[in-house]
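Below is one structure; the comments refer to it alone.
Residue numbers begin at 1 in each chain, while the letters A, B, ... track the order of the sequences.
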2 protein chains.
Amino acid sequence: MELKPVAKRFVLHWGEMGSTWGVNRTVAQIHALLFITGRPMNADEITETLDVARSNVSMSLKELSNWNLIRSVPLMGDRRDHYETTTDVWELFRTVVRERKSREFDPTIEVLRDCLKSGDIASEDKAAQMRIKETLALMEALSAWASEMIRLEPATMMKVIKLGAKVQHLVHGKQVSVKAAE
Amino acid sequence: MELKPVAKRFVLHWGEMGSTWGVNRTVAQIHALLFITGRPMNADEITETLDVARSNVSMSLKELSNWNLIRSVPLMGDRRDHYETTTDVWELFRTVVRERKSREFDPTIEVLRDCLKSGDIASEDKAAQMRIKETLALMEALSAWASEMIRLEPATMMKVIKLGAKVQHLVHGKQVSVKAAE
DNA sequence: CACAAGTTTCAGTCTTGACTGAAACAACCG
DNA sequence: CGGTTGTTTCAGTCAAGACTGAAACTTGTG
């Protein structure tokens with residue numbers, strides 16, 4: 001399948017962005033392709049469209065499954081696996097946040113807790129101990145916050161985002177017009 | 001300078017994490033070192049402590065400057081540049097968010113806008129056009145939201161984070177006890 | 001200005017991990 | 001069961017970019 005100009009640009013850009021994040025180019029491209037195409041595709045179609053090795057596609061599809069970013073859907077009269085991704089950007093965002101949190105945040109929180117528990121912590125100077133504690137506290141707070149936020153309905157999350165920094169008035173105990181959120 | 005066990009573990013872990021994010025190992029290690037040490041260090045001290053090439057340290061310090069994560073401080077009676085990083089984790093967090101936003105989000109927003117403006121967009125099917133628009137809208141909303149949030153005082157931001165998903169009640173127009181935020 | 005101390009640059013090496021192509025494997029069908 | 005179609009694995013290749021060490025450069029000092 002030959003991509004139209006805009007779709008092609010989208011896929012290529014997404015691929016480049018992927019490498020800036022933790023994801024490799026092919027994985028990001030496949031995801032972008034499924035997203036923009038909006039219908040289930042089989043591995044051969046993907047291979048042909050992106051012009052990469054068949055096995056590369058196979059590996060990347062597995063990776064995307066691990067990220068919960070694609071699911072395979074059976075198609076009547078076709079033995080091959082077909083894959084699709086959600087076309088709901090909010091759903092997508094939620095998944096990415098959840099996965100990155102568990103890959104990048106949670107392990108670090110573990111290490112920091114472990115550092116503080118270890119007998120060796122006492123030999124560090126007070127200020128350094130304090131900084132580790134603060135780092136842990138910040139990461140725990142962000143982690144808990146993210147977990148809560150991704151449980152919200154897309155529409156609700158959008159409103160919260162749109163509300164933006166205005167929430168600060170709430171924590172300061174002031175009255176906030178709900179209208180501001182819309 | 002020989003690192004104490006916990007500091008060493010912290011630096012090594014931070015370095016590994018760095019590679020998962022966009023930052024290379026040495027850059028992340030140097031930053032972790034300055035953070036945990038909590039005092040200005042010169043390039044030679046860093047070189048010796050981390051046991052990497054002098055030039056590698058030089059390059060990495062430049063990279064950290066580009067990220068606004070370190071600043072050089074003059075020390076009385078010492079010609080060499082000494083570098084320090086903030087020891088305030090919230091300040092740190094803010095800087096990382098700002099920089100990542102401008103490196104990873106803003107360019108993508110540009111590309112998406114460009115896609116939608118281009119003459120080629122009309123030849124894509126309606127649903128695909130819609131998805132690009134929605135992606136752009138989401139990224140713009142998140143970008144604007146992040147810009148607002150990093151302007152808050154650390155203490156305020158902490159309260160907002162702690163408030164967490166309870167904000168949803170605000171956007172639904174319900175009464176929220178400020179006590180919940182503390 | 002000559003020298004010392006400090007810093008930056010850069011060509012080349014090394015490491016990591018993405019990617020390929022072929023072969024092995026699995027499932028299905030006549 | 002043999003053949004066909006589809007999927008996965010894996011050893012080897014390749015590319016990107018991190019890292020090194022030496023040389024070039026810059027700045028300050030007697």
Side-chain angles (χ1 to χ4, degrees), chain A residues 1 11-12 14-34 40-67 69-84 103-104, chain B residues 11-34 40-67 69-84 103-104:
Chain A
M1 189 182 75
V11 168
L12 290 176
W14 217 248
E16 288 319 305
M17 270 314 166
S19 8
T20 316
W21 311 336
V23 192
N24 79 48
R25 203 173 63 240
T26 310
V27 171
Q29 281 185 0
I30 292 178
H31 182 260
L33 174 64
L34 292 175
M41 294 179 78
N42 66 55
D44 283 326
E45 269 185 289
I46 298 171
T47 303
E48 197 215 334
T49 308
L50 297 181
D51 193 26
V52 292
R54 180 67 184 71
S55 53
N56 190 4
V57 170
S58 186
M59 294 292 223
S60 300
L61 287 171
K62 197 183 279 182
E63 177 84 355
L64 284 168
S65 295
N66 291 338
W67 277 77
L69 280 172
I70 58 170
R71 60 183 155 274
S72 99
V73 289
L75 249 61
M76 192 58 90
D78 194 334
R79 284 168 53 193
R80 293 170 297 182
D81 278 343
H82 287 246
Y83 297 90
E84 68 173 9
R103 272 152 228 256
E104 298 167 14
Chain B
V11 168
L12 290 176
H13 177 79
W14 218 248
E16 288 319 304
M17 270 316 168
S19 10
T20 316
W21 311 336
V23 193
N24 79 47
R25 203 175 62 241
T26 310
V27 170
Q29 281 185 0
I30 292 178
H31 182 259
L33 175 64
L34 292 174
M41 295 178 77
N42 66 54
D44 283 326
E45 270 184 290
I46 297 171
T47 303
E48 198 215 335
T49 308
L50 298 182
D51 192 27
V52 292
R54 179 67 183 73
S55 53
N56 190 3
V57 170
S58 185
M59 293 294 222
S60 300
L61 287 172
K62 197 181 279 181
E63 177 84 356
L64 284 168
S65 295
N66 291 340
W67 276 77
L69 279 172
I70 58 171
R71 60 183 154 273
S72 101
V73 289
L75 249 60
M76 193 58 92
D78 193 333
R79 284 169 53 193
R80 293 171 295 183
D81 278 344
H82 287 247
Y83 297 90
E84 67 173 11
R103 273 152 227 256
E104 298 167 14

Problem - Nearest-nucleotide pick for A/Arg54, side chain only, options being C/dG6, D/dC10, D/dT7 - result: D/dT7

Problem - Residue-phosphate contact under 4.0 Å: A/Arg25 side-chain N/O, C/dC19 OP1/OP2 - result: yes

Problem - Under 4.0 angstrom between A/Thr26 side-chain N/O and C/dC19 OP1 or OP2 - result: yes

Completion exercise
Considering only heavy side-chain atoms of B/Asp81, the closest of C/dT7, D/dC19, D/dG6 is C/dT7

Handout entry: Candidates D/dA18, D/dT5, D/dT9 - which lies nearest the side chain of A/Arg79
Key = D/dT5

Handout entry: Phosphate-side-chain proximity, A/Asn42 and D/dG6, N/O vs OP1/OP2 below 4.0 Å
Key = no

Exercise for the section: Select one nucleotide: of C/dT9, C/dA22, D/dC19, the one nearest the side-chain heavy atoms of B/Met59. Expected result: C/dT9

Handout entry: Gap between atoms CD and P, on A/Glu48 and D/dG6 respectively (whole Å)
Key = 14 Å

Problem - Nearest to side-chain heavy atoms of A/Ser55, which nucleotide of C/dG21, D/dC19, D/dT7 - result: C/dG21

Practice task
Could you tell me whether the side chain of A/Glu48 and the main chain of A/Met1 form a donor-acceptor pair under 3.5 Å?
Solution key: yes

Practice task
Starting from the 5' end of DNA chain D, give me the residue, A/Arg80 or B/Val52, whose nearest nucleotide shows up first.
Solution key: A/Arg80

Problem - B/Glu45 side-chain N/O to B/Asn42 backbone N/O, donor-acceptor pair under 3.5 Å - result: yes

Handout entry: B/Leu64 CG - C/dT8 P separation (whole Å)
Key = 13 Å

Exercise for the section: Could you pull out the closest heavy-atom pair between A/Ile70 and A/Leu61, with the gap in Å? Expected result: CD1-O, 3.4 Å

Practice task
Let me know the distance between CH2 of B/Trp21 and P of D/dA18, rounded to the nearest Å.
Solution key: 16 Å

Practice task
Working to the nearest 0.5 Å, report the span between CD of B/Glu63 and CG of B/Asn24.
Solution key: 7.0 Å

Exercise for the section: Identify which nucleotide among D/dG6, C/dT20, D/dC19 has an atom closest to any side-chain atom of A/Asn56, counting heavy atoms from C-beta outward. Expected result: C/dT20

Fill in the blank from the handout: B/Lys62 atom NZ is separated from C/dT9 atom C1', nearest whole Å, by 8 Å

Problem - Atom pair distance, as rounded to whole Å: CD in B/Glu63 and P in D/dG17 - result: 12 Å

Exercise for the section: Give the rounded distance in Å between these two atoms: CG of A/Asn24 and C1' of D/dA15. Expected result: 13 Å

Problem - Closest to the A/Ser58 side chain, choosing from D/dC10, C/dT8, D/dT8 - result: D/dT8

Practice task
May I have the distance from A/Ile46 (atom CD1) to D/dG6 (atom P), rounded to whole angstrom?
Solution key: 15 Å

Handout entry: Expected output: side-chain A/Ser19 to main-chain A/Gly15 donor-acceptor under 3.5 Å
Key = yes

Problem - Length of the line joining A/Asp78:CG and D/dT7:C1', which is rounded to integer Å - result: 14 Å

